[in-house]
Amino acid sequence: MNLKRAFGIVLAALSLAGCSGAPLPPTTSFGGPLPDAFAVHGIDVSKYQGTIDWGSVRDSGVQFAWIKATEGGADLDSRFHQNWNGAREAGVARGAYHFVYWCRSPMEQMRWFEQNVPNEPGMLPPVLDVELTPTSPTCKRTLYREQTVREIRTMLQEMERFYGRKPVIYATVDFYAGILAGGALNDFPIWVRSTKYHPNVRYPGRKWHFWQYQSDAHVAGIRGKVDRNAFFGSPDQFADFLQGIDLPL
C-alpha cells in the first residue's frame, strides 16, 4: 500500500477519545489550536511504561513513538531494545532519544548512544533530550548559555554524521527560556513540551515540529500514563518525513 494512502486511512480512523486527563482550556486562552487540530499523533516511552503491547498501541491510532535509549555515558534504558523491536514488529514508526547528563563529555555520550542505537532503514531521526537538572545528586554543574549551546551542537552534529538524518532537539520550557531562546540552534528541528498552553505561548517565535501536549494520557496496550505528542504537519508531510525528507526549518 502507498505509504501516504496508508496514513490517510489511519487518520480517518484516528480518535483521541482514548486520551484522558484534565480538559484543556478553550482555544482563546490556550493561545492557539488545540492538539486535536493536528492530524498525526504519537507517544514517547521509557522503562517506566513497563511491558508494552505494541500491537494494541498501533491499533489505538498511535502513528509514531520516541523511545528512550540512553542517558549520559553509561546508562541504557532497561526496556529500550524490547520497545525498539516491539514497535518495529508492530509497524509503529519509531526513533530513539538520548537524555543529556551535563557532567559527561559530549562525544563520550554520543559514542554510548551510537553503541546502543542501531542505524536502521525507516527509523525516525535521533532526538537529543536537553533539560535543566538542578536536583541531580551527582551533577551540580551550572549551565552557561554559550558553552552549553556549543556542547549541544557538538552532539547534534555527531548524531547527524552517524545516522545520516538531522536530529531533533527536545527542550523543556525552562531549558528553552534559559539556554535556547533567541534563536540558538534554530537550524535543527525542535520537539517542545507544553501541557497547558499552545507552544506559541511557551516558545514564542520558535517554529516547532513535535509537541508533547499531555503527560497523563491512557493508551491501549500501556498500563498507566504516557505522554502524547502531535506532529506539526499533515499525514503527507509525515509520510515524507518517514521516507527521509528532513523537516522544514
Side-chain angles (χ1 to χ4, degrees), residues 43-52 64-88 94-180 184-193 209-210 212 215 226-227 229 246:
I43 58 175
D44 59 273
V45 301
S46 69
K47 64 184 180 182
Y48 296 109
Q49 274 66 51
T51 300
I52 296 174
F64 66 88
W66 297 115
I67 299 171
K68 183 174 183 181
T70 54
E71 181 171 340
D75 292 332
L76 173 68
D77 187 276
S78 60
R79 294 190 182 272
F80 169 66
H81 291 295
Q82 180 182 354
N83 286 330
W84 188 252
N85 294 330
R88 180 192 59 209
R94 84 276 196 255
Y97 73 89
H98 173 79
F99 188 91
V100 174
Y101 177 71
W102 300 108
C103 291
R104 286 280 188 126
S105 73
M107 290 307 297
E108 184 181 13
Q109 296 189 62
M110 291 302 91
R111 298 301 183 217
W112 178 243
F113 184 79
E114 293 164 5
Q115 180 180 330
N116 287 285
V117 178
N119 190 356
E120 297 178 353
M123 63 188 284
L124 297 174
V127 171
L128 193 69
D129 182 346
V130 290
E131 304 182 30
L132 299 178
T133 55
T135 60
S136 171
T138 57
C139 183
K140 301 301 183 182
R141 176 183 166 188
T142 299
L143 299 182
Y144 297 99
R145 176 184 169 93
E146 184 176 341
Q147 180 182 1
T148 303
V149 168
R150 185 167 57 248
E151 291 180 8
I152 294 171
R153 183 174 292 280
T154 295
M155 289 185 275
L156 293 170
Q157 289 176 336
E158 173 59 20
M159 281 181 158
E160 186 170 6
R161 183 203 66 79
F162 189 87
Y163 292 97
R165 293 288 305 274
K166 188 172 283 293
V168 176
I169 304 167
Y170 172 88
T172 53
V173 173
D174 54 352
F175 189 93
Y176 180 82
I179 304 295
L180 300 180
L185 299 171
N186 62 3
D187 50 331
F188 290 91
I190 193 167
W191 170 17
V192 300
R193 173 181 172 83
H209 298 85
F210 291 89
Q212 188 181 78
S215 61
V226 68
D227 296 329
N229 301 273
D246 283 334

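Fair warning: this is a prediction, and the values are worked out from it, not measured in the lab. Any value given below was found using the heavy atoms of this structure, including those in side chains, with hydrogens, waters and symmetry copies removed.
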Under 3.5 Å, is there a donor-acceptor pair between the Q147 and R150 side chains?
-> no
If you measure only the distance, is there a donor-acceptor pair under 3.5 Å linking the side chains of S136 and R141?
-> no
D44 side, atom CG; D227 side, atom CG - distance, nearest 0.5 Å = 4.0 Å
Go through the side-chain N and O atoms of Y170 and E131 and say whether any donor and acceptor fall under 3.5 Å apart.
-> no
Are side-chain N/O atoms of E71 and H98 paired as donor and acceptor at under 3.5 Å?
-> no
Check the pair F113, L128 against side chain to side chain contact (heavy atoms under 4.5 Å, CB included), reporting the backbone distance first and the verdict last.
-> CA-CA 10 Å; F113 184 79; L128 193 69; over 6 Å; no
Under the 6.0 Å and 45° cation-pi test, does R94 pair with W66?
-> no
Rounded to the nearest 0.5 Å, what separation is found between the SG atom of C103 and the CD atom of E108?
-> 11.5 Å
Can you list the steps and then say if V192 with Q212 is a side chain to side chain contact (heavy atoms under 4.5 Å, CB included)?
-> CA-CA 6 Å; V192 300; Q212 188 181 78; over 6 Å; no
Approximate separation, where rounding is to 0.5 Å, of I67 CD1 and H81 NE2 = 11.0 Å
State whether the side chain of H209 and the backbone N or O of I190 hold a donor-acceptor pair below 3.5 Å, judged by distance alone.
-> yes
Run the side chain to side chain contact (heavy atoms under 4.5 Å, CB included) check on I169 and V130 step by step: do they pass?
-> CA-CA 7 Å; I169 304 167; V130 290; 3.8 Å; yes
Identify, with sequence neighbours excluded, every residue that meets ring-ring contact (aromatic ring centres under 6.0 Å, His included) alongside Y97.
-> none
Considering only NZ, NE, NH1 and NH2 on the basic side and carboxylate oxygens on the acidic side, decide whether D75 and K68 come within less than 4.0 Å.
-> no
Could you go through the side chain to side chain contact (heavy atoms under 4.5 Å, CB included) check for F99 and T133 one step at a time?
-> CA-CA 11 Å; F99 188 91; T133 55; 3.9 Å; yes
Neighbour count above 12 (heavy atom, 6.0 Å) for E146 CD | no
Centre of F80's six-membered ring, under 6.0 Å away, within 45 degrees of the axis: is that where NZ or CZ of K47 sits?
-> no
Atom pair CE (M110) and CD (Q115), whose distance is rounded to the nearest 0.5 Å = 12.5 Å
Would you call R161-E158 a salt bridge at under 4.0 Å N-O?
-> yes
Just say parallel, tilted or perpendicular for the rings of F175 and W102, cut-offs at 30° and 60°.
-> parallel
Does the E114 side chain pair with the main chain of F162, one donor and one acceptor, at a distance under 3.5 Å?
-> no
